[in-house]
J.: 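Quick one: the structure is below, questions incoming.
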Amino acid sequence: MNLEQEIIYSIQEAFKSLFAQDIELKQIALQPTRKEFEGTFTFVVFPFLKITKLKPEDSGNKIGSYLKENCDPVTDFNVVKGFVNITVSESSWLDIFKKLYSNPSFGQLPPNGKKVMVEYSSPNTNKPLHLGHLRNNFLGYAVTGILKANGYEVIKANLVNDRGIHICKSMVAYKHFGKGETPESAGIKGDHLAGKYYVIFDKAYKRQINELLENGQTEEEAKKNAPLILEAQEMLRNWEAGDAEVVKLWKTMNAWVYEGFDATYKKMGVDFDQFYYESDTYLLGKNIVEEGLKKGVFYKKENGSVWVDLSDEGLDEKLILRADGTSVYITQDMGTCDLKYHDFKIDKSVYVVGNEQDYHFDVLFKIMRKLGRPYGEGLYHLSYGMVDLPTGKMKSRDGTVVDADDLIQEMIATAESHTKELGKIDGFTTEQAEELYEILGLGALKYFLLKVDPKKRMLFNPQESIEFQGNTGPFIQYSHARIASILRKAGQIGVDYSKQSFENLSQLENTERDLIVLLNDFEKKIILAGEEYAPSVIAQYMFDVAKEYNRFYAELPIFNETNKEIQAFRVALSALTAKTIQEGMQLLGIKVPDRM
RNA sequence: GGUCCUGUAGCUCAACUGGAUAGAGCAACUGCCUUCUAAGCAGUAGGUUUCAGGUUCGAGUCCUGACAGGAUCACCA
């Protein structure tokens, strides 16, 4: 039983003994005491006044006295209005510290026997990854880390959108204007090469539309009749028919793109256990349509199209299958949903997809639940907002995108110039320095994108957004490097801190206690972040830990402390903090350096 | 028009799910490197939580209604 639970249990006992009332444990909640008051935990009595039938102050005093007498760790209390501020003994904090410090599975909850799949990234193969994908990938990867720490078995999945009219556009343009160019001959990454032809297509297409407009067609007609779009559509039909030449070009260009993506993923530090390709899955789901009709969940209209009525759930009727019997987007998503379950017998399935698809996933999940899928309640759409630029929304066709590769490169370069400016790479080899720049640049970028609530749309200003001071990745990384330096020195001068029991320590400094209280929250934060699928919870916590440590670092001496036991304790506390930071940042996919 | 999301300091974000005097960072200003890394620490200043009602011991948080920004509502994906 941990400290909080012990106190809560005692409060329950207090009500039993003082007021002869049984209160459920979950009704009792402790909150952290505000800094300006004495104490660590606060119990709010207002909700229980009906039971105590006393004034708030009197209720608080009675409960406080009971705790002081009957709950071992509680040494004191004070009551302000209806708030009982509880003070916990120094020895309890030391016990907690020792427990955390000696816990081999610190930051990892025991396996819960459940399997979850997290689908993220899900790129199109006609263009390179951009800023929006970065938010997606970092979010997805961080969520997999958090769920693992919560004891789940996690499968990282990537559903690649490798077919459709947009792919054919790049292919058509390449056929006309490519002249046999390859990534090698052009000297650019494969995904960028495909993206180049996607842009070329769009420019040529617009030219053709303008010509048709001049010839008197309406805009709608022109868009439909431009030769290039007709060609792309025909190519899509040929692709679906398995036309050898089209398929060959498709395979060639996709291979280029995948090679490019691999490089970008590697740079980003994300990976996957399972790839799904829409070219394999786009025909799935028709069997589910049959099943739904049989179960009466779907119904057929006169023209043969199939629908589901979700009006009892507050939504509309949605089309499931076209009159001509072909699939729509949701048909294949239903199929993929089942496929994932079939492949891995997952309990939960998380989709990291932008909030423009909120409605789509609402519909999809409601359908799967209506069909009585065993994983139905485990479906979750991790929806996130757009990343906007100061110039407005990003549009790949206009070229107003921040390319992922470029941005990462820029971040690393910025980290390099910062580091050099501060003159902090004495004694680094070139490789070590390069590695550090990468860790810092990516750390800054990831932290920037992860510290914010995913639901919120965010503004990214390339010049101003990424800082290296304050609430940033490098600040936390810096705190870790500081501690690493302490630990190195402790090793050099032979401070034995790892096996001490600190038996003679009786008094803790405020900052020491505050730090222990905070480190003790790690598990709680992991659980919360897991329940909410919220890396921002961890990010915020990491900042708090780093900040608290830096205060400790500035206020209290370590190697100048003459009492050897206190000295060893402070080193050990530093080590635990470093471990917390390292584990926590790892959940976010951010590396921490030992020197910077 | 319907539905959903967002609105908190000049800017970027918190607020432990209804608790105390709404907290951090950036930007501005003041101190602190002859003790362990100043990418740091301490401090000053900055707020009618978009607005108007309501619910109650208590509302940034819940309800109603405005206002603003965004997304979505295709036999597109």
J.: How would you summarise protein contacts on nucleotides 34-43 of chain B per nucleotide, using B for base, S for sugar-phosphate only and - for none, with heavy-atom distances below 4.0 Å?
T.: -BBBSBSSS-
J.: Would you mind reporting whether A:L364 and A:M334 have side-chain heavy atoms less than 4.5 Å apart?
T.: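 Yes, close enough: below the 4.5 Å cut-off.
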J.: When the C1' atoms of B:C26 and B:G65 are considered, how many whole Å apart are they?
T.: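 Those two atoms are separated by 37 Å.
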J.: Side chain of A:S536, base of B:A14: donor and acceptor closer than 3.5 Å?
T.: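 There is none.
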J.: Any side-chain heavy atom of A:R322 within less than 4.5 Å of one from A:S305?
T.: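 Not in contact.
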J.: Under 4.0 Å, counting only non-hydrogen atoms across every strand here, what does A:D362 touch: a base, just sugar-phosphate, or nothing?
T.: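 Contact class for A:D362: none.
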J.: Find every protein N or O atom lying less than 3.5 Å from an N or O atom of nucleotides 5-7 of chain B, and list the pairs.
T.:
{"unit_1": "B:G7", "atom_1": "OP1", "unit_2": "A:K456", "atom_2": "NZ", "d": "3.4"}

J.: When rounded to the nearest Å, what value does the distance between C1' atoms of B:C13 and B:U56 take?
T.: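 Looking at atom C1' only, B:C13 and B:U56 are 31 Å apart.
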J.: Heavy atoms from C-beta onward define the side chain here; which of B:G19, B:C13, B:G25 lies closest to that of A:V452?
T.: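 When the side chain of A:V452 is considered, B:C13 is the closest of B:G19, B:C13, B:G25.
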J.: Take atom C1' in B:G19 and the same atom in B:U61, then report the distance between them in whole Å.
T.: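 It comes out at 11 Å once rounded to the nearest Å.
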J.: Is the glycosidic angle of B:C51 within 90° of 0, making it syn, or outside that range, making it anti?
T.: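 Anti conformation here, the glycosidic angle of B:C51 being more than 90° from 0.
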J.: Anything below 3.5 Å on both distances counts as a pair; with that, list the stems of at least three consecutive Watson-Crick or G-U pairs involving RNA chain B.
T.: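 Expected stems, ordered by start: B:1-7 with B:67-73, B:10-13 with B:23-26, B:28-32 with B:40-44, B:50-54 with B:62-66.
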J.: What's the gap between B:G46 and B:G23 when it is taken at their C1' atoms, as a whole Å value?
T.: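 The same atom, C1', in both gives a distance of 13 Å.
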J.: Is A:E532 touching bases, backbone alone, or none of the nucleic acid, heavy atoms closer than 4.0 Å?
T.: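 Counting heavy atoms under 4.0 Å across all strands, the contact made by A:E532 includes a base.
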J.: Does A:D316 reach a base, just sugar-phosphate, or nothing at all? Heavy atoms under 4.0 Å.
T.: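 Answer is sugar-phosphate: A:D316 comes under 4.0 Å of backbone atoms only.
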J.: Sticking with atom P, work out how far B:G25 lies from B:A68, rounded to a whole angstrom.
T.: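 Pairwise P distance, B:G25 against B:A68, rounds to 35 Å.
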J.: When you compare the ring of A:F543 with the six-membered ring of B:G25's base, are the centres less than 5.5 Å apart and the planes under 30° from each other?
T.: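 No, A:F543 does not stack on the base of B:G25, since the centre distance and plane angle fail the 5.5 Å and 30° test.
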J.: Could you tell me whether the phosphate oxygens of B:C76, OP1 or OP2, come under 4.0 Å of any side-chain nitrogen or oxygen in A:K223?
T.: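 No.
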J.: Parallel, tilted or perpendicular: which fits the ring planes of A:F83 and A:F46, with parallel below 30° and perpendicular above 60°?
T.: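 Ring orientation of A:F83 relative to A:F46: perpendicular.
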J.: Looking for any heavy atom pair under 4.0 Å, which part of the strands does A:S383 touch: base, sugar-phosphate only, or nothing?
T.: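 Result for A:S383 = nothing.
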J.: With a 4.0 Å cut-off on heavy atoms, is A:V44 in touch with a base, just the backbone sugar-phosphate, or nothing at all?
T.: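 Base: the residue A:V44, judged by heavy atoms under 4.0 Å, touches a nucleobase.
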J.: If you compare every side-chain N and O of A:R34 against the phosphate oxygens of B:A22 (OP1, OP2), does one of them come in below 4.0 Å?
T.: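 No.
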